[in-house]
Enquirer: 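Quick one: the structure is below, and I'll ask about it shortly.
Below, chains carry the letters A, B, ... as their sequence lines are ordered, and counting in each starts from 1. The structure displayed is predicted, hence computed values, not measured ones.
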2 protein chains.
Amino acid sequence: MIDKASGVPAYRQLADVLRGRVRTAGYAPGSQIPSERDLVAEFGVSRPTVRQAIELLRNEGVLLAEHGRGIFVRPIPTVQRLARTRLSREARERNQGTFLGDAAAGGWEPSVSVRIHVEPANQRVADLLHLSPGAEVCVRDRLMRADGNPVQLATSRLPREITRGTAIEQVDTGQGGVYARLEEAGHRLGHFEELVSARQPTPEERSSLQLTPGIPVLTITRVAIADGGYPVEVNDMVLSAERYQLHYVLPAE
Amino acid sequence: MIDKASGVPAYRQLADVLRGRVRTAGYAPGSQIPSERDLVAEFGVSRPTVRQAIELLRNEGVLLAEHGRGIFVRPIPTVQRLARTRLSREARERNQGTFLGDAAAGGWEPSVSVRIHVEPANQRVADLLHLSPGAEVCVRDRLMRADGNPVQLATSRLPREITRGTAIEQVDTGQGGVYARLEEAGHRLGHFEELVSARQPTPEERSSLQLTPGIPVLTITRVAIADGGYPVEVNDMVLSAERYQLHYVLPAE
DNA sequence: TAGTGGTCTAGACCACAGC
DNA sequence: CTGTGGTCTAGACCACTAT
């Protein structure tokens with residue numbers, strides 16, 4: 001099976017064979033594949049070489065290793081669609097915030113841990129909020145769970161000038177959440193801008209979100225812009241790319 | 001530096017030290033770090049252990065190895081912002097398509113290779129286009145380049161029923177691109193839906209897009225919906241997450 | 001030619017899961 | 001207890017880059 005004279009490294013050839021077996025469902029999703037030592041015998045290569053091939057496929061998100069149990073084909077995950085239309089005023093007024101709206105739509109039980117503090121704005125935050133670097137911002141650091149499982153990290157930053165004395169600086173922001181309190185304070189929201197990208201998680205994110213290796217995270221930076229055209233909030237979100245799909249609707253005009 | 005009795009694997013401890021040096025700019029972006037053999041001497045571990053630590057950081061996108069040259073701190077990449085507002089009719093009428101519009105905005109030289117064929121719709125495509133599985137679809141397979149560098153893969157599928165006899169089945173679709181030809185054929189566009197996620201690239205995508213290991217791809221599935229509410233095109237796009245940021249604007253109402 | 005990262009080996013011991 | 005994956009070693013040879 002492995003051609004050592006082909007110029008292609010043995011571990012890549014082996015990874016190709018195993019990936020092929022997964023794709024053609026020779027190895028079914030969720031099922032256990034042969035142990036490393038079995039593969040050593042089957043393909044006539046050393047155990048480190050087998051491990052290198054498996055490592056490659058784990059990083060591609062094809063395989064999943066469980067210590068003491070075995071190696072498995074990664075089961076097809078259930079995906080949550082995050083509809084970005086939930087930022088509408090009407091939707092905001094019905095619930096505590098966008099996360100709770102998504103939970104209602106997805107049929108899972110939401111819970112949120114919040115930590116609040118005040119810090120000086122760094123260069124990036126100052127630029128996004130049109131503040132001078134070092135100006136005070138109120139920081140709402142949140143970990144969202146779905147049915148108890150951590151699924152999303154979110155860090156909102158708002159100018160302290162706006163939040164001082166409001167429920168935004170409280171753990172419980174009340175009906176309608178932060179955005180409702182902003183509008184009550186006279187900052188009527190005009191639109192949101194979202195910057196979406198993806199990357200490998202940091203070790204901290206990997207443990208907070210209980211991510212399996214090989215799964216990247218989606219990053220969303222959302223800036224809320226008030227009717228006057230000035231920014232009032234920047235929200236940095238980190239989501240497991242395995243579990244989330246973002247849904248945007250764009251007009252053709 | 002490495003505490004072998006701590007319970008934390010040596011390669012993780014080493015990775016933590018090196019990551020720390022990169023974060024605090026002890027190792028500057030783009031600069032070369034000590035060779036594997038130097039690190040073996042510095043930390044008193046074997047070369048495979050050093051390689052394991054470096055492999056981890058490469059997959060996190062922190063380091064970059066160049067065969068025969070050395071290991072480098074990954075330089076901060078330049079990001080292209082893909083403004084999804086460019087789908088407006090006015091913008092479409094000015095140019096050949098959204099990719100060319102993004103190029104004009106970003107100031108780079110665009111080029112596109114196109115391959116066209118007809119195939120039966122699979123289950124997913126049939127669902128998205130409201131067709132029966134097996135119905136013929138016209139497939140436009142494209143590789144987009146910016147200044148000669150491959151940056152994006154896109155595969156559009158349209159019902160054959162709609163494209164038969166139109167320039168959509170030609171390599172050059174003419175002024176305004178596919179969307180202009182669709183409107184000429186009487187399919188006035190109502191809105192677009194985009195589903196965004198991320199994952200590790202397949203080996204094929206990695207070579208087509210010349211991706212460096214450890215960098216995930218952004219995936220966008222865009223469905224164009226005509227005024228009558230029926231879908232006319234599904235476009236699957238794959239972009240390097242290192243090079244792209246998606247920009248969405250959402251109304252607050 | 002010297003130095004670099006890339007591949008591969010044979011073996012050892014540890015930690016975890018499950019019977 | 002057995003079998004699994006996880007870690008680590010000491011060394012060998014290859015392929016690439018630069019001088």
Enquirer: S6(B): which residues meet the side chain to side chain donor-acceptor pair (under 3.5 Å) condition with it, sequence neighbours left out?
Expert: Q13(B)
Enquirer: Looking just at side-chain N and O atoms, do E55(B) and Y11(B) make a donor-acceptor pair shorter than 3.5 Å?
Expert: no
Enquirer: Does a sphere of radius 6.0 Å around CZ in R21(A) hold more than 12 heavy atoms from other residues, nucleotides or ligands, not counting ones at 6.0 Å or beyond?
Expert: yes
Enquirer: Under the salt bridge (Lys or Arg N to Asp or Glu O under 4.0 Å) rule, what pairs show up with a residue in residues 209-219 of chain B, not counting sequence neighbours?
Expert: none
Enquirer: More 5' along DNA chain C: R37(A) or I33(B), using each one's nearest nucleotide?
Expert: I33(B)
Enquirer: State plainly whether the residues R199(B) and E242(A) are in salt-bridge range, i.e. N to O under 4.0 Å.
Expert: no
Enquirer: Could you check how far CG of D38(B) sits from P of dA2(C), rounded to whole Å?
Expert: 17 Å
Enquirer: Going 5' to 3' along DNA chain D, which nucleotides are the first and last within contact of chain B (any atom under 4.0 Å from a heavy atom)?
Expert: dT7(D) to dA18(D)
Enquirer: Which of residues 4-17 of chain A sit near DNA chain D, with a heavy atom under 4.0 Å from it?
Expert: none
Enquirer: Just how far, in rounded Å, is P of dG5(C) from NE2 of H67(B)?
Expert: 9 Å
Enquirer: Is any NZ, NE, NH1 or NH2 atom of the basic residue among R19(B) and D16(B) found under 4.0 Å from an Asp or Glu carboxylate oxygen of the other?
Expert: yes
Enquirer: Using side chain to side chain donor-acceptor pair (under 3.5 Å) as the criterion, list what pairs up with S207(B), not counting sequence neighbours.
Expert: none
Enquirer: Checking H117(B) against E119(B): is there a side-chain donor and acceptor pair closer than 3.5 Å?
Expert: yes
Enquirer: Quick check on contacts: within residues 44-62 of chain A, what sits under 4.0 Å from DNA chain C by heavy-atom distance?
Expert: V45(A), S46(A), R47(A), P48(A), T49(A), Q52(A)
Enquirer: Check the surroundings of atom CZ in R47(A): do more than 12 heavy atoms from other residues, nucleotides or ligands lie under 6.0 Å from it?
Expert: yes
Enquirer: Out of the candidates R157(B), R142(B), R140(B), only one should pair with D236(B) under the salt bridge (Lys or Arg N to Asp or Glu O under 4.0 Å) rule; please name it.
Expert: R157(B)
Enquirer: OP1 or OP2 of dG3(C) versus the side-chain N and O atoms of S35(B): is any pair under 4.0 Å?
Expert: no
